[in-house]
Amino acid sequence: MAQVSSIADEQTSTPLSSSKSITLKIARYNPEHDESSKFMEFSIPYEKWTTVLEAILEVKKHFDHSVAVRYSCRQATCGSCGMIINGKPRLACFTKISELNSDIVTVEPMNNFPIIRDLAVKFERLFDSHQKIKPYLIRDDSELEADAKEFLQSPQELEQYIQFANCIKCGLCNSACPTMATDSSFVGPQALAQAYRYVADSRDKGKDSRLKIIDDSHGIWRCHFAGSCSQVCPKGVDPAMGIQLLRGYLLGFRS
Amino acid sequence: MTQDERKEGIKGMANPGRYGIERVAYWLMRLSGLGLLGYFVAHIYETSNILRGQVGWDEFLDLTQTTEGHLFLTLVIGMCVFHTVNGIRVMLGHGGVGVGKPARPDYPYDPASQNYRHKIGIYSAILLAAVAMMYGLAVMFGE
Ligand code: HEM
Ligand code: SF4
Ligand code: FES
């Protein structure tokens with residue numbers, strides 16, 4: 001019982017009492033009644049380890065609880081907290097203020113996504129595109145029917161796709177992509193990287209059907225290998241590599 | 001719908017400042033491609049002047065014998081060389097050549113596809129374009 005109450009008493013965040021502080025500029029916009037987005041400024045103390053997400057939560061706690069921000073894991077695992085931080089798409093929970101080397105930290109909602117409110121954006125299209133490429137193993141038999149009970153894979157076979165399985169669907173890559181910036185029908189680096197993840201999986205037999213889905217006028221050919229997706233990916237997925245390897249199949253460089 | 005998509009638009013697509021030399025190369029490739037297309041159309045028009053006989057041809061060719069004409073042709077040389085060399089790099093990349101091998105990534109997750117091979121390709125394209133432009137300038141203004 002005593003333990004329960006001590007958990008309840010626990011501070012929800014570490015009080016920040018550093019002598020260093022930054023100006024945090026937060027883009028505020030409610031599509032229901034605002035004409036355009038406006039910045040609100042807050043002076044926030046920070047330590048070497050303070051993340052941008054913690055600074056935003058500090059604002060919510062002490063200054064303005066109405067700031068809309070989506071987060072959950074606080075450890076670059078759930079993919080919720082993507083936003084534009086000082087001009088680039090980054091995860092707020094994975095970006096330390098000290099690494100930005102700036103006295104002003106500006107946070108805005110991710111580009112190429114519709115705004116729900118303030119920093120929270122809609123992920124419907126990201127998830128729809130992801131679903132479109134059939135993000136699951138495709139084969140006629142299943143573990144339940146096959147005698148083997150599981151489909152074995154060698155460590156080498158695992159290496160072929162495990163990097164791409166790191167994707168947390170944060171959408172940073174889609175936000176950085178120059179094609180996404182002008183084409184709302186483009187399937188996008190996130191989904192294309194996942195198409196490669198399954199095509200490269202030795203257990204999967206759905207290569208042809210997936211290649212057919214992405215061989216579309218708003219599919220893989222809209223990628224110009226600008227590489228911005230890979231540069232912003234917080235999990236080392238490297239969508240640009242996956243996409244070019246995938247295109248290799250369609251161009252006949254690989255089989 | 002489109003309004004609410006919040007696409008970054010042409011401005012965001014063309015902004016080369018944020019994502020390293022690869023994005024600059026992407027931007028230069030598009031620009032030089034469109035520039036060359038424009039030049040190609042103008043070139044057809046220019047050479048069609050031969051239908052006006054030698055006088056018409058010489059008259060039109062004189063346009064390129066001016067300072068502006070020389071600078072314009074220098075730009076075309078630069079676009080041509082960059083577009084060709086970078087085009088070869090891009091085509092290799094598109095086929096999966098030199099984009100690295102899948103491997104378990106480690107922090108800080110430097111992407112293997114943004115590697116020195118492609119960076120060398122981009123810088124070579126820029127360097128060769130610059131050298132060709134200087135050679136062009138030397139020939140045209142050196143008479
Ligand atoms: C040997 C010479 C050439 C090579 C190797 C080459 C290669 C390429 C490649 C690979 C692309 C696609 C780039 C990407 O995916 O982002 C491209 C785009 C393009 N090229 Fe070329 N090209 C050459 C000559 C030309 C010429 C002579 C013209 C004009 C008449 C031209 C006009 C274009 C245009 C308009 C684009 C589209 C640009 C864009 O929207 O991004 N190219 N070229
Ligand atoms: S590929 Fe990387 S940047 Fe894109 S959604 Fe997945 S984790 Fe995020
Ligand atoms: S809060 Fe989960 S990724 Fe940032």
Side-chain angles (χ1 to χ4, degrees), chain A residues 31 84 87-89 109-115 121-122 125 158-164 166 175-184 196-197 200 220-221 223-254, chain B residues 1-33 83 86-119 121-122:
Chain A
I84 305 285
K88 270 196 194 176
M110 275 195 289
N111 299 312
N112 311 333
F113 287 90
I115 299 185
V121 295
K122 292 185 190 158
R125 232 189 81 217
L158 182 72
E159 288 291 310
Q160 294 305 309
Y161 72 86
I162 191 71
Q163 161 173 22
F164 302 95
N166 272 0
S175 181
C177 173
T179 300
M180 277 295 194
T182 51
D183 178 4
S184 26
Y196 183 72
R197 178 250 172 273
I220 192 166
W221 310 108
C223 167
H224 296 274
F225 192 27
S228 311
C229 51
S230 299
Q231 291 173 23
V232 301
C233 178
K235 302 302 283 184
V237 172
D238 205 343
M241 182 210 284
I243 297 169
Q244 312 324 311
L245 294 178
L246 202 53
R247 182 156 28 201
Y249 287 108
L250 287 159
L251 293 173
F253 284 72
R254 339 173 92 220
Chain B
M1 182 76 179
T2 37
Q3 182 63 34
D4 133 295
E5 285 282 332
R6 282 190 65 260
K7 285 180 300 192
E8 228 188 337
I10 303 233
K11 220 173 100 208
M13 182 268 282
N15 180 349
R18 296 166 297 173
Y19 301 111
I21 192 71
E22 290 82 2
R23 184 75 170 247
V24 175
Y26 159 83
W27 177 76
L28 286 176
M29 188 68 186
R30 301 209 97 173
L31 219 58
S32 59
H83 193 89
N86 190 58
I88 292 168
R89 174 192 77 86
V90 170
M91 287 192 287
L92 288 172
H94 279 345
V97 178
V99 299
K101 274 206 205 75
R104 215 175 279 264
D106 270 326
Y107 188 80
Y109 305 131
D110 289 330
S113 68
Q114 313 294 293
N115 59 38
Y116 70 95
R117 284 183 230 106
H118 277 273
K119 284 190 210 297
I122 295 167

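Lettering follows sequence order; numbering is per chain, from 1. Below, all heavy atoms of this structure are taken into account, side chains as well, without hydrogens, waters or symmetry copies. Quick caveat, the model's predicted, so the values are computed rather than measured.
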Can you tell me which portion of [X] sits under 4.5 Å from chain B's heavy atoms? Options are side chain, backbone, both or neither.
{"X": "A:Tyr196", "result": "side chain"}
{"X": "A:Val237", "result": "neither"}
{"X": "A:Leu246", "result": "neither"}

Handout entry: Most chain A-contacting option - heavy-atom pairs closer than 4.5 Å, from B:Gly100, B:Gly17, B:Gly12, B:Gly20
Key = B:Gly100
Should [X] and [Y] count as side-chain neighbours, where that means a heavy-atom distance under 4.5 Å?
{"X": "A:Ile243", "Y": "B:Ser113", "result": "no"}
{"X": "B:Arg6", "Y": "A:Pro109", "result": "yes"}
{"X": "B:Trp27", "Y": "A:Pro178", "result": "no"}
{"X": "B:Glu5", "Y": "A:Arg125", "result": "yes"}
{"X": "B:Pro102", "Y": "A:Phe164", "result": "yes"}
{"X": "B:Arg30", "Y": "A:His224", "result": "yes"}
{"X": "A:Asn166", "Y": "B:Pro105", "result": "yes"}
{"X": "A:Leu158", "Y": "B:Arg104", "result": "yes"}

Given that the side chain runs from C-beta out, which part of [X] has a heavy atom under 4.5 Å from chain A: side chain, backbone, both or neither?
{"X": "B:Ala25", "result": "neither"}
{"X": "B:Lys101", "result": "backbone"}
{"X": "B:Tyr19", "result": "both"}

Output the option from [options] having the highest count of non-hydrogen pairs under 4.5 Å with chain B.
{"options": "A:Cys233, A:Gly252, A:Cys177, A:Pro234", "result": "A:Pro234"}
{"options": "A:Ser175, A:Gly227, A:Ala240, A:Ser228", "result": "A:Ser228"}
{"options": "A:Arg254, A:Met241, A:Glu159", "result": "A:Met241"}

Exercise for the section: Test B:Glu8 against every option in A:Asn112, A:Thr182, A:Ile84 by the side-chain contact (heavy atoms from CB on, under 4.5 Å) rule and name the one that passes. Expected result: A:Asn112
Problem - Interatomic spacing from CD in A:Gln244 to NE2 in B:His94 - rounded to 0.5 Å - result: 6.0 Å
Completion exercise
Rounded to the nearest 0.5 angstrom, the OG-NZ distance for A:Ser184 and B:Lys7 is 3.5 Å
Exercise for the section: Indicate, with yes or no, if the rings of A:Phe225 and B:His118 have centres closer together than 6.0 Å. Expected result: yes
Exercise for the section: For B:Arg18 and A:Gly87, work out which heavy atoms get closest and say how close. Expected result: CD-O, 3.7 Å
